[in-house]
Each structure stands twice: as C-alpha cells, then as structure tokens.
Amino acid sequence: KMEDYASQATDMEVKQFFQKSAQSAIDSKEIRAVFSPKELTLMFNGIFTEGLLERRNQYSRKSFRGEIKEMLSHLEKVLRL
C-alpha cells in the first residue's frame, strides 16, 4: 500500500517516487509536459506542506484526508488543462 510505503520511506525516496510517477504520467500523456518531473515534485511538496501547516490553524469540519484529496484534485485539474 502507498500509505505503508510513505510512512517508512525517507524524504529522498518519496521525492524520487513522485518524480518517477510524474515522468510516467508525462510519457503516457496523462498530463502535459508543462513542468518537469522535478518541478512537479517541488510544487507537490509545497502544496502538501502548506496544507499541513494551514491545518494547524483551521477549525473546519473537513477531515484532513478530505482536504488532501481536495488539494490533489486541484493539482490534477491544473496539470490536465
């Protein structure tokens, strides 16, 4: 499972995994090559970190998992334009 891997992986391993995934998505034309896999990884990490930090200041009814899904959905829409 992805959750099991992510909980045991180092930061570098997670970055490499995401870069490979982004490259595969570009190669299979799932997303356009507007950004390099490295740039996509940096954006993903930034968005994810921002979500984690904002979570500390939020008092909403949304679950953390729901917020992450929403951020990923937004990123997916941006990449498919």
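As the structure is a prediction and not an experimental result, all values here were calculated from the model. Quick note: residue numbers are just sequence positions, from 1.
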Discussion item. Quick check for you: to the nearest 0.5 Å, what is the distance between E13 atom CD and Q16 atom CD?
Written reply: 7.0 Å
Practice prompt. Indicate if L72 and L42 have the same hydrophobic cluster label, given that clusters are the connected sets of ILVMFWY residues with side-chain heavy-atom separations under 4.5 angstrom.
Written response: no
Fill in: Rounded distance (nearest 0.5 Å) linking atom CZ of F17 with atom OG1 of T41
10.5 Å
Worksheet item: For R32 and I26, which heavy atoms make the closest approach, and how far apart are they?
Response: O-CG1, 4.5 Å
Worksheet entry | CZ (F35) with more than 12 external heavy atoms under 6.0 Å | no
Discussion item. Between S73 (side chain only) and K69 (backbone N and O only), is there a donor and an acceptor less than 3.5 Å apart?
Written reply: no
Worksheet entry | Rounded distance (nearest 0.5 Å) linking atom CZ of F44 with atom CE of M71 | 8.0 Å
Practice prompt. Go through the steps to decide whether L40 and I31 satisfy the test side-chain contact (heavy atoms from CB on, under 4.5 Å), and finish with yes or no.
Written response: CA-CA 11 Å; L40 291 171; I31 61 174; 3.8 Å; yes
Worksheet, complete the sentence: Closest non-hydrogen atoms of Q19 and P37, given as atom of the first, atom of the second and distance, are O-CB, 3.6 Å
Discussion item. Would you compute the distance between atom CE of M43 and atom CZ of F18 and round it to the nearest 0.5 angstrom?
Written reply: 8.5 Å
Worksheet item: Considering residues at least two apart in sequence or located in another chain, which fulfil the side-chain hydrogen bond (donor to acceptor under 3.5 Å, both in side chains) criterion with S24?
Response: none
